[in-house]
Amino acid sequence: MTTPYDHKALEAKWQDRWEKQRAAEVDLRHAERKLYMLMMFPYPSGDRLHVGHGRNYILGDALYRYLRMQGRKALNPMGWDAFGLPAENAAIQRGVHPKLWTAGNIKVMKEQFRRWGILYDWSKESASYTPEYYRWNQWLFLRMLEGGIAYKKAAPVNWCPSCRTVLANEQVVDGACERCGTAVVQKNLSQWFFRITDFADRLLSGLDGLPGWPEKVKVMQRNWIGRSEGAEIDFPVEGASETITVFTTRPDTVHGATFLVLAPEHPLAAQLIADHPERADLEAWIETIRNTPRIEREGEGTAKDGRSTGRFAVNPATGERIPIWLANYVLPDYGTGSIMAVPAHDERDLEFARQEGLPVRLVYHPEGVEPSGEIPAADLAEPILHEGTIKNAPPFDGVPAGPETIRRFVAWLEENGHGRAKVSYRLRDWLISRQRYWGTPIPIVYCPEHGAVPVPDDQLPVVLPDEVEFTGREGNPLGRVAAFVETKCPRCGAPARRETDTMDTFVDSSWYYLRYLSPRDATRIFDPALAAKWAPVDQYIGGIEHAILHLLYSRFVCRVLHDFGLVPFEEPFTNLFNQGMITRFSDKSGRIEKMSKSRGNTVSPDELIEEMGADTERVYTLFIGPPDKEAEWSDEAVSGAYRFLNRVWRIGERLDEAPPIGPADEELERARHAAIQRVSQCLERLAFNTAVAALMELTNALTRALEEKTASRLRLEEAFDTLLQLLHPMAPHLTEELWERRGHVESLLESTWPDYDEAKIRRDRVTLVVQVDGKLRDRIEVAADADEREVRAAALASEKAQEHMAGRELAKAVVVPGRLINLVTRR
RNA sequence: GCGAAAGUGGCGGAAUUGGUAUACGCGCUAGACUUAGGAUCUAGUCCCGAGAGAUCGGGUUGGGGGUUCGAGUCCCCCCUUUCGCACCA
């Protein structure tokens with residue numbers, strides 16, 4: 001009977017030891033070569049981490065330990081994204097103060113990390129809910145205010161009725177709150193923004209300088225920024241002094257603009273319909289559109305809904321009168337909130353023209369089609385998008401569609417004073433105000449005399465008051481704390497009120513990687529010298545869900561810090577790795593889904609660790625599949641990892657069974673060097689799954705050698721030591737224990753990653769595949785250094801090859817050294 | 001609709017640059033040791049056909065075509081799945 005190894009005692013022992021030794025602590029000032037790796041810091045929610053979360057941290061730790069053994073003692077800090085709604089909701093529901101609740105959760109999560117055997121440099125720990133941290137959020141806000149990057153404006157904003165706060169555009173997914181899924185409504189409010197749109201071009205072009213980022217993330221960011229080149233064109237309104245300016249990417253189709261469409265919310269709309277006989281009806285209709293949730297208005301298949309204003313504008317290209325319409329398909333917050341409709345050359349405009357019986361006028365004509373002036377929209381089956389030549393639009397007749405034509409039109413518009421080149425973006429400014437308690441107070445005081453007055457630096461931090469009632473009632477609880485709200489104007493000393501909005505927690509997370517470098521510096525946001533030395537982060541690891549949100553905001557804030565002269569770089573994260581999700585069958589939905597508490601398909605690491613140990617979870621998690629792909633958790637397959645580790649353990653107990661001299665020493669030596677090579681190459685590209693497979697093969701080779709007594713004790717011990725080293729990143733506890741038992745004084749973590757010798761892997765004689773006309777027919781053994789002539793002779797001597805050549809003449813022989821020879825016959 | 005990634009045994013998956021498809025693991029089958037085994041060890045396990053047998057022949061990486069001595073890998077067309085974007089003018 002064999003008993004499994006005592007993982008409980010052994011794992012506790014090593015976790016204690018690493019903690020006591022402060023095994024991952026880095027001296028930032030004196031380290032010679034910098035390497036900064038980082039996992040996205042977690043939100044300390046009340047839920048215990050499950051094995052799906054574990055993948056992220058285990059992956060990072062395995063990488064850390066590997067780098068460490070490579071002689072690269074990386075900075076690998078951890079902290080807490082500790083502000084946010086769940087803490088406040090817990091306070092409302094359970095009467096626990098968010099601060100206590102959060103602190104308790106941090107303690108639990110820290111213990112979970114420990115139990116996974118994960119090494120962080122805890123001396124750098126920082127948490128965003130401490131005044132020591134968030135005062136620098138406030139400081140940064142004030143600098144951005146001075147720099148004109150932070151500003152306040154009244155605007156229609158996204159409001160989540162369930163979270164009772166406004167949201168940034170990035171936090172609205174398919175018209176719903178990113179956090180709770182509730183449909184977002186529009187509200188007109190005066191709010192604080194960061195002028196991220198000023199950085200749109202830099203954020204866009206910077207992506208080209210990030211070869212270490214997944215293409216997918218870069219594409220998502222490019223789409224989100226949504227740069228469009230085009231022109232603004234002015235259309236004078238008939239009978240009024242106003243002009244309507246539209247944005248278009250196709251100024252070359254301006255002759256085909258047969259009507260204008262304004263978003264119903266457009267500032268001119270009310271004026272245009274002022275004299276309309278059905279003005280009241282129209283106003284009611286505008287209200288309806290205005291109050292339609294975004295999801296309905298912009299959703300798939302939403303019908304176009306429009307009304308004529310009864311007014312006309314002049315097409316500056318043709319001089320013709322064209323009607324002005326209002327319609328829901330024109331969005332108020334993109335471009336100028338108004339378009340020139342060219343139904344001949346735009347699908348949406350054509351659809352609307354058909355629906356409303358509006359005319360079409362071709363600018364580009366396919367071959368053989370002659371100009372026919374305005375025609376009914378019903379006569380055109382589909383729009384002509386990027387083909388044909390211009391006819392009947394002097395001076396452009398005969399010009400084909402293309403970018404050069406667009407440039408010519410822009411120049412022509414500019415010369416004639418009808419318009420100008422213009423670049424538009426989808427990106428909106430970042431709305432950072434939140435009407436919630438548990439966040440960084442925005443350091444502003446409202447004075448009746450001086451308006452919004454910034455809190456002076458020497459009065460920072462503006463501390464979040466502890467004495468707050470969490471009732472769940474409408475409105476920010478901060479607004480009901482008189483001691484907080486009532487203050488004096490920093491400028492004149494008159495009674496004034498504090499801003500009660502707090503900052504979006506994505507502000508906290510946009511620069512935290514810099515705070516780790518000097519977490520207790522009370523004099524500045526971070527140490528610029530250390531930032532210049534250690535940042536940017538070399539390897540960032542986290543989930544794809546932050547492809548836009550956190551990663552875009554961080555890139556923006558990094559540029560702000562750069563422009564302030566605080567950091568010498570513009571990109572915060574040089575290499576980015578998105579680990580795949582762990583999925584599992586969910587009884588609730590009957591489907592395989594992302595592992596999550598709400599889906600009820602989580603696996604608790606606590607029980608798994610209790611039963612089979614943290615090393616088993618680690619090895620299985622790394623073995624489950626390519627780390628960047630999603631992977632399905634299998635409760636059964638976990639035991640494979642457990643069996644593997646027990647096999648390793650048993651080899652350790654049986655080393656003394658090996659004979660002093662072994663007949664197959666070279667074989668084991670070859671297996672050892674091959675394993676070093678394979679595992680090293682795998683880990684260089686984070687392919688832990690195949691690295692584990694290679695280690696299983698080495699383990700199998702060791703077991704076989706031991707069973708068959710074919711390797712000497714010396715070789716066996718050597719190979720076993722190598723196995724422990726290569727396996728350490730994946731199974732640190734077990735390997736440290738066995739390493740110690742082998743009599744090594746220095747810890748395995750401090751040992752040097754083994755080198756391999758290619759000469760030791762090479763064999764004297766190799767097996768070559770013999771193909772005849774591309775089909776495998778035989779295998780032959782030849783000297784490893786055999787030249788092409790020798791290989792060909794050996795292959796032609798093969799009886800099987802001869803049979804399959806069936807007397808046909810040899811046309812040529814293709815030799816791939818060390819692999820195969822293909823005998824090609826003449827047909 | 002646009003963009004991206006993917007499709008390989010019963011399952012998870014492997015296969016740097018085109019060069020022995022199915023490594024490694026799970027599951028399953030048989031056997032060994034056992035009072036017992038969800039423990040451990042050994043052997044087998046892509047499909048079809050022939051053979052008592054070691055073996056031998058043929059086929060196979062979603063489907064179809066192409067390039068090549070040679071294609072899971074490259075090119076073209078199609079199907080399916082997942083993800084992202086989606087009235088952005």
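Residue numbers begin at 1 in each chain, while the letters A, B, ... track the order of the sequences.
- Below the 3.5 angstrom threshold, one finds no donor paired with an acceptor across the side chain of A:Lys812 and the base of B:C69.
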Let me have a per-nucleotide readout for nucleotides 15-20 of chain B, 5' to 3', with B, S or -, counting only protein heavy atoms under 4.0 Å. SB--BB
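- Ion pairing between A:Asp349 and A:Arg354 fails under the 4.0 Å rule for side-chain N and carboxylate O.
- B:G19 and B:C77 have their P atoms separated by 24 Å, with the value rounded to a whole Å.
- Scanning for side-chain contact (heavy atoms from CB on, under 4.5 Å) contacts around A:Glu387 gives A:Ile384, with sequence neighbours left out.
- Rounded to the nearest Å, the gap between the P atom of B:G72 and that of B:U61 is 7 Å.
- Side-chain atoms of A:Asp305 and A:Trp285 form a donor-acceptor pair, as typed in the model, at a separation below 3.5 Å.
- Look at CG on A:Leu706: it is 11 Å from P on B:U42, rounded to the nearest Å.
- Rounded to whole Å, the P atom of B:C11 lies 15 Å from the corresponding atom of B:A23.
- Residue A:Arg704 is classed as having no contact, given no heavy-atom separation below 4.0 Å to the nucleic acid.
- Between A:Asp234 and A:Arg420 there is a salt bridge, since at least one side-chain N of the basic residue sits less than 4.0 Å from a carboxylate O of the acidic one.
- Partners of A:Glu790 under the side chain to side chain donor-acceptor pair (under 3.5 Å) rule, at least two apart in sequence or in another chain, do not exist in this structure.
- Place A:Ala694 and A:Lys629 on RNA chain B by their nearest nucleotides, and A:Lys629 ends up nearer the 5' end.
- A straight line from CD of A:Glu347 to P of B:C2 spans 10 Å, rounded to a whole angstrom.
- The P atoms of B:A32 and B:A21 are separated by 37 Å, rounded to the nearest whole Å.
- The side chain of A:Lys800 places an N or O atom within less than 4.0 Å of a non-bridging phosphate oxygen (OP1 or OP2) of B:C56.
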I'd like a table of atom pairs between the protein and nucleotides 44-48 of chain B - only N or O on both sides, under 3.5 Å - with the distance next to each one.
none

Letter by letter from the 5' end, nucleotides 25-34 of chain B scores (B base, S sugar-phosphate only, - none; protein heavy atoms under 4.0 Å) SSS-------
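- Classification of the A:Phe352-A:Tyr329 ring pair by plane angle, with boundaries at 30° and 60°, yields tilted.
- Judged as a side chain to side chain donor-acceptor pair (under 3.5 Å), and not counting sequence neighbours, the contacts of A:Asp778 are A:Ser798.
- Comparing the P positions of B:A5 and B:U17 gives an interatomic distance of 16 Å, to the nearest angstrom.
- Between A:Arg584 and A:Glu593, none of the side-chain N atoms (NZ, or NE/NH1/NH2) sits under 4.0 Å from a carboxylate O, so this pair counts as no salt bridge.
- Here A:Asp201 pairs with A:Arg227 in a salt bridge; the nearest charged N to carboxylate O distance falls below 4.0 Å.
- Here, B:C83 and B:C78 have their P atoms 23 Å apart, quoted to the whole Å.
- Note on residues 636-646 of chain A: no pairs pass side-chain hydrogen bond (donor to acceptor under 3.5 Å, both in side chains), not counting sequence neighbours.
- Among the protein residues, A:Ala231 comes within range of no part of the nucleic acid, since none of its heavy atoms lies under 4.0 Å from any strand.
- Comparing atom distances between the A:Thr249 side chain and each of B:G58, B:A89, B:A14 picks out B:A89 as nearest.
- Across all strands shown, A:Glu697 has heavy atoms under 4.0 Å from sugar-phosphate atoms exclusively, and none from any base.
- Counted within 6.0 Å of CD on A:Glu347, heavy atoms from surrounding residues, nucleotides or ligands total 12 or fewer; the atom is thus considered open.
- Between B:U22 and B:A14, the two C1' atoms lie 8 Å apart (nearest whole Å).
- A:Arg361 pairs by the salt bridge (Lys or Arg N to Asp or Glu O under 4.0 Å) definition with A:Glu320, not counting sequence neighbours.
- Protein atom NE2 of A:His804 is 10 Å distant from nucleotide atom P of B:C56, rounded to whole Å.
- Rounded to an integer number of Å, the gap from CG of A:Leu823 to P of B:G70 is 14 Å.
- Separation of the P atoms belonging to B:U60 and B:G53 is 26 Å when rounded to the nearest angstrom.
- A:Asp349 comes within contact range of no nucleotide atom at all, as no heavy-atom separation falls under 4.0 Å.
- Atom-to-atom, CG of A:Leu385 to C1' of B:A89 comes out at 12 Å; the value is rounded to the nearest Å.
- Annotation: side chain to side chain donor-acceptor pair (under 3.5 Å) contacts of A:Tyr553 (sequence neighbours excluded): A:Glu170.
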In dot-bracket, 5' to 3', how would RNA chain B read with Watson-Crick or G-U wobble pairs under 3.5 Å, [ ] for crossing ones and | for pairs to another strand? (((((((..(((......[....)))((((((.......))))))(((((....)))))..(((((..]....))))))))))))....
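- Rounded to an integer number of Å, the gap from CD of A:Glu593 to P of B:U82 is 12 Å.
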With side chain to side chain donor-acceptor pair (under 3.5 Å) as the test, would you mind laying out the steps for A:Thr621 and A:Arg55 before giving the verdict? CA-CA 6 Å; A:Thr621 297; A:Arg55 190 180 203 191; over 6 Å; no
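- Put simply, A:Tyr329 has no side-chain N or O that comes within less than 4.0 Å of OP1 or OP2 on B:A89.
- By the side chain to side chain donor-acceptor pair (under 3.5 Å) test, A:Gln677 pairs with no residue at all, sequence neighbours left out.
- Atom-to-atom, CG of A:Asn578 to P of B:G84 comes out at 13 Å; the value is rounded to the nearest Å.
- Taking 4.0 angstrom as the limit, A:Lys775 places a side-chain polar atom (N or O) nearer than this to OP1 or OP2 of B:G59.
- In this structure, A:His345 does not reach the B:A89 phosphate: none of its side-chain N or O atoms is under 4.0 Å from OP1 or OP2.
- Figure legend: A:Arg307 and A:Trp325 shown without cation-pi pairing, the cationic atom not lying both under 6.0 angstrom from the six-membered ring centre and within 45 degrees of its axis.
- The residue A:Ile624 sits close only to the backbone: its heavy atoms come under 4.0 Å of sugar-phosphate atoms, none of a base.
- Note on A:Arg678: every side-chain N or O is 4.0 Å or more away from OP1 and OP2 of B:A23.
- A glycosidic torsion no more than 90° from 0 defines the syn conformation, and B:G9 adopts it.
- Here B:A89 presents its P atom at 17 Å from CZ of A:Phe259, a figure rounded to the nearest Å.
- Applying the salt bridge (charged side-chain N to carboxylate O under 4.0 Å, His left out) test to residues at least two apart or on different chains, the pairs with a partner in residues 692-711 of chain A are A:Arg654-A:Glu707, A:Arg678-A:Glu697.
- Here A:Arg222 does not reach the OP1 or OP2 of B:C85: none of its side-chain N or O atoms lies under 4.0 Å away.
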